[in-house]
Number of protein chains: 2
Amino acid sequence: MSQSERNARVRLVDVARAAGVSKTTVSDALNGAGRLPAATREHVRQVARGLGYRPNATARLLRRGHTRLLGVAAREYVDTPWVYADLAYFSQLTTATTRAALSHGYGVVLLPTSGPEDCWLDMPLDGVFVIDPVAGDPMVGDFLAAGVPVVSDRRALSEAGSGARENGRWVDFDYDGAARQVFDHLEAAGARRIAVVAATATACFHQRSVGTYHDWCAERGREPRIVLLPSPGVQQMLDAVRELLAADVPPDALVTLVEVSPPLLLDTIRRLGRSVPDDLLLVCATEDPAASYTDPPVTTLSFLPGETARAAVDLLVDRIEGRAGDHGRLFSADLRIRSSSAFPGRRPALG
Amino acid sequence: MSQSERNARVRLVDVARAAGVSKTTVSDALNGAGRLPAATREHVRQVARGLGYRPNATARLLRRGHTRLLGVAAREYVDTPWVYADLAYFSQLTTATTRAALSHGYGVVLLPTSGPEDCWLDMPLDGVFVIDPVAGDPMVGDFLAAGVPVVSDRRALSEAGSGARENGRWVDFDYDGAARQVFDHLEAAGARRIAVVAATATACFHQRSVGTYHDWCAERGREPRIVLLPSPGVQQMLDAVRELLAADVPPDALVTLVEVSPPLLLDTIRRLGRSVPDDLLLVCATEDPAASYTDPPVTTLSFLPGETARAAVDLLVDRIEGRAGDHGRLFSADLRIRSSSAFPGRRPALG
DNA sequence: TATTCGTGAAGGAACGTTCCTGCACAAGGG
DNA sequence: CCCTTGTGCAGGAACGTTCCTTCACGAATA
């Protein structure tokens, strides 16, 4: 008795027995369905409340066929000692994804990026948003094969093959265009020796931006100046900047592709005896709102985590709920020009 | 035919039929259970692979009785237009929770903090971490009543009543002690006019710290100086600091309880013509690692999101998996003293 | 030769819901 | 008085697994 009492949750049939009705009646009464007189409905509810009945979520799910749960995984930095969510971009992306999902009535599951093979398939998901998949990502293929709708980038979906056309949707970025926008702007502002700080990750954003930078330099016969960080981290980042500025012919413009606190970077540059924008133009790829409150305000390149997440979730939910909709969305990064990247006298309109 | 073909996922029985065996055999073959000769096992696996069979996660869950899914909800800012996850503390807390959960083999669901009543009970969770519950929080009570183990703070659990002793575990903070530590430190460093910036949220950390500040001032016959922000936000925060420093008799120490970028705050103070720590001692409650890289480095009060999350998840998983374990953990905030809060000549040992 | 034993595999209950089908009964129309 | 219609509710299938029980059969033992 004490055994069954201890861990036996009260079920629908228990309520039915106690109320002297069938389980159909209980289910209908609690869900507001069926043809029941108010009296019966109320009576059943009383009994259910009295017994402390709570429906079993899993059983409901099985019956209903959907879980209203969306998975999110940032794959780019799989198997690194540090965690993607520590980066502002991913943090904002997951936050925005959560918000968007909730507005559609979906919960969000943060997925393991590593673990036993196929372990992600154990989660009862209605759809998945795979952020920055690695090349030939098995996760994308696994979910598509399991019939779970996926939003990821276009390349990953086409790699995954069959099932992708049916269940895959994509959200892509024009990384090349974004990088060129930055370099063109700096050149127009007078920069001739642009330096770039990026990370050596598999991060396709970094890889492609660095590639674009090489192309851009080659087209102009310039020498590329790049520092590649093995890992993100405040100290590594600042050290890289110190090293760059200590060169015999220091750069006259700096582009940071790795996340760094803009006011901190500005502070560091100041301590090195340089002045922004007089000695050095500065553009930061960052999501930190602090950039617009510094002196001078810092020009930023944002990858619009909020918009991206919203689009991804909309695409996913349309697919899940069987509505027609776009097959993908192409985003362009948002370059917000501020004083840190305009030489005095030729500042752009935007202060 | 095309209808059933289109959306009918291949099930265990389909594999069984195709392989000419029973579902038991298929289940055993795929799960490595039962007494099967290697030949049969391999044959079944071939057929399953050929049909593209993927087990249904929900059905498994129902059978197994557990989902290996943990819920996380930050309740403090329920029904505010902005989202808790935008704050560094909560962001780090959820990240750390995710990491800890994954290390135990659990996924994490970010829960809606608002929505139709009881909507959180629709999620198939093995346990829940309710961060900063509001007074008389229904979420804590609902989960406990549904037999779902909960980790939250001690007060919320005792309010929730029955079921709490059995299924509840707690993680508490010594807010009062932390606040006193800060004020005592500033007084020892020579401060006589301490100002505090906090938020008017239901945030128990802010409420209690402000209360402690009042007590602390009363004990010394000092006049409390407090600015309460209606909402967090970079602009509001900086405006509050400007207002404080513009007073006829400006404060000689500043304690910020709301999240703000330390280098940005320092920058703002500098632009107001004040110097840290000469004119103003500074202590920030923040999780931003940038604090130690500024000039001067900023004294911080951290609420140890990493440790808190790890402890909460350990407590939860112990309970779920039926292991004995602690009933709770009390944390004390981590005051890391740096140069920003030491008058020249009486700097503490820690640089 | 009759009995045990171990192996290989099938059948079916169970998990806890939802929902389709159907029955009994009362009221109303012909 | 019979047939229809509608109401109130019960029974049971289904969702797709896992796993307990049973069973057949060939080999080894008495």
Side-chain angles (χ1 to χ4, degrees), chain A residues 4 7-45 47-48 51-68 118 121-126 146-148, chain B residues 4 7-45 47-48 51-68 118 121-126 146-148:
Chain A
S4 59
N7 49 12
R9 299 226 28 74
V10 31
R11 299 159 304 166
L12 194 69
V13 280
D14 299 323
V15 177
R17 251 194 292 273
V21 296
S22 76
K23 43 199 177 81
T24 306
T25 306
V26 176
S27 179
D28 286 348
L30 297 179
N31 295 331
R35 300 176 300 203
L36 295 182
T40 310
R41 209 177 282 277
E42 193 48 40
H43 171 233
V44 169
R45 287 192 173 156
V47 173
L51 291 177
Y53 167 73
R54 307 286 169 146
N56 177 297
T58 311
R60 263 192 164 157
L61 261 36
L62 179 60
R63 208 36 251 243
R64 297 225 248 250
H66 61 254
T67 61
R68 303 197 80 77
D118 283 14
L121 288 179
D122 286 345
M123 313 252 161
L125 305 174
D126 281 350
V148 178
Chain B
S4 60
N7 49 11
R9 297 225 29 75
V10 31
R11 299 160 302 166
L12 194 70
V13 280
D14 299 324
V15 177
R17 251 193 292 273
V21 296
S22 75
K23 45 199 175 82
T24 306
T25 307
V26 177
S27 179
D28 286 348
L30 297 180
N31 295 330
R35 300 174 302 203
L36 295 181
T40 311
R41 207 177 284 275
E42 194 48 41
H43 171 234
V44 170
R45 287 191 173 156
V47 173
L51 291 177
Y53 168 72
R54 307 285 169 149
N56 177 297
T58 311
R60 264 193 164 157
L61 260 35
L62 180 60
R63 216 24 258 240
R64 296 224 248 251
H66 62 255
T67 62
R68 302 197 81 78
D118 283 15
L121 288 178
D122 286 345
M123 313 251 160
L125 305 174
D126 281 350
V148 178

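Being a predicted model, the structure only gives us computed values, none of them experimental. Each chain gets a letter, A, B and so on, in the order the sequences are listed, and its residues count up from 1.
Atom OG1 of B/T40 sits about 11.5 Å away from atom CZ of B/R45, to the nearest 0.5 Å.
When all heavy atoms of A/P124 and B/L61 are compared, the closest pair comes out as CG-CD2, 3.4 Å. Closest of all the heavy-atom pairs between B/R60 and B/N31 is NH2-OD1, 3.4 Å. Closest of all the heavy-atom pairs between A/L51 and A/D14 is CD1-O, 4.1 Å. The shortest non-hydrogen separation linking A/R9 to B/A146 is NE-O, 3.1 Å. In terms of heavy atoms, A/A16 sits closest to A/V26 at CA-CG2, 3.5 Å.
Side-chain contact, A/T25 with A/S22: a donor N or O sits under 3.5 Å from an acceptor N or O.
The distance from atom CG of A/L12 to atom C1' of C/dC19 is 12 Å, rounded to the nearest whole Å. C/dC19 atom C1' lies 13 Å from atom CG of A/L36, rounded to whole Å.
Heavy-atom contacts of chain B under 4.0 Å fall on DNA chain D between two terminal nucleotides, which in 5' to 3' order are D/dG16 to D/dC20.
Looking at heavy-atom distances under 4.0 Å, A/V13 makes no contact with the nucleic acid at all. Within the 4.0 angstrom heavy-atom criterion, no nucleotide atom of any strand lies near B/D28.
Put simply, the side chain of B/T40 and the base of C/dG8 share no donor and acceptor less than 3.5 Å apart.
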Next item on the list: Step by step, work out the side chain to side chain contact (heavy atoms under 4.5 Å, CB included) result for B/R68 and A/D122.
Entry: CA-CA 9 Å; B/R68 302 197 81 78; A/D122 286 345; over 6 Å; no
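Between B/T25 and C/dG8 there is no side-chain N or O to OP1 or OP2 distance below 4.0 Å.
Mapping A/R35 and A/R11 onto DNA chain C via the closest heavy atom, the residue that lands nearer the 5' end is A/R11.
Contacts between residues 55-64 of chain A and DNA chain D, counted as heavy-atom distances below 4.0 Å, involve A/L62, A/R63.
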